[in-house]
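Remarks on the structure that follows.
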Amino acid sequence: QYDIIVSRALAPLTKLLTYARMYSNKNTTSLFLKGRNVNNEIDMATKAYFFEFEKIKSLSSDDGCILKIINIKNKNG
C-alpha cells in the first residue's frame, strides 16, 4: 500500500483508478498527468467510481493538467 501514486500517459482515468485502488490506503493521494480529454475521462470515471479530485493546471502544456485524486471508492461495492 502506498501513500502517493503517480502516472503519466499510461491509461484512461477509469483504468488508472482501478490500478490505484489496488495499491491505495486511506491516506493515498494519486497524481495523474492528463491531457485535453480530461473532462470526458472524469465523466466516464464517475460512472464506476466515487472520488474527490482537484485539477491543477499544467505549467508545461496549455492542454494538460494534473489530477490530484483522493478517496477512491468503487460504486459497485
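If you check the side chains of K55 and N39, you find a donor sitting under 3.5 Å from an acceptor.
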Worksheet item: Given the rule in the side chain to side chain contact (heavy atoms under 4.5 Å, CB included) test, do F32 and I69 qualify, once you have shown the distances and angles that lead to the verdict?
Response: CA-CA 8 Å; F32 301 142; I69 297 177; 3.8 Å; yes
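The closest side-chain heavy-atom distance from I5 to L31 is not below 4.5 Å. By the 4.5 Å heavy-atom criterion applied to side chains, Y19 and L10 are counted as neighbours. F53 places a side-chain heavy atom less than 4.5 Å from the side chain of I42.
Taken together through direct or relayed side-chain contacts under 4.5 Å among Ile, Leu, Val, Met, Phe, Trp and Tyr, V6 and I66 form part of one hydrophobic cluster. Under a hydrophobic clustering in which Ile, Leu, Val, Met, Phe, Trp and Tyr are joined whenever their side-chain heavy atoms come within less than 4.5 Å, directly or via other members, L17 and Y23 fall into the same cluster. Both M22 and L16 are part of a single hydrophobic cluster, where members link through side-chain heavy atoms under 4.5 Å apart.
Relative to the six-membered ring of F50, K75 meets both conditions, a distance below 6.0 Å and an angle of at most 45° to the axis.
Judged purely by atom type and a 3.5 angstrom limit, T29 has no side-chain atom pairing as donor or acceptor with the backbone of I70. No side-chain donor-acceptor contact under 3.5 Å links S61 to the backbone of S58. In this structure, K57 contributes its side chain and D62 its backbone to a donor-acceptor pair below 3.5 Å. Remark: the backbone N or O of T28 is paired with a side-chain donor or acceptor of N25 at under 3.5 angstrom. For the pair E41 (side chain) and L13 (backbone), a donor-acceptor distance under 3.5 Å is present.
Note: S24 OG to I4 CD1 = 10.5 Å, rounded to the nearest 0.5 Å. Atom CD of E52 is separated from atom NZ of K73 by 8.0 Å, given to the nearest 0.5 angstrom. Atom-to-atom distance recorded for D3:CG and N27:CG is 6.0 Å, nearest 0.5 angstrom. Between E54 atom CD and C65 atom SG the span is 10.5 Å, to the nearest 0.5 Å. Of the inter-residue distances, the one linking S30 atom OG with R21 atom CZ reads 11.0 Å to the nearest 0.5 angstrom.
The side chain to side chain donor-acceptor pair (under 3.5 Å) contacts involving residues 4-18 comprise T18-Y49, where partners must be two or more places apart or lie in separate chains.
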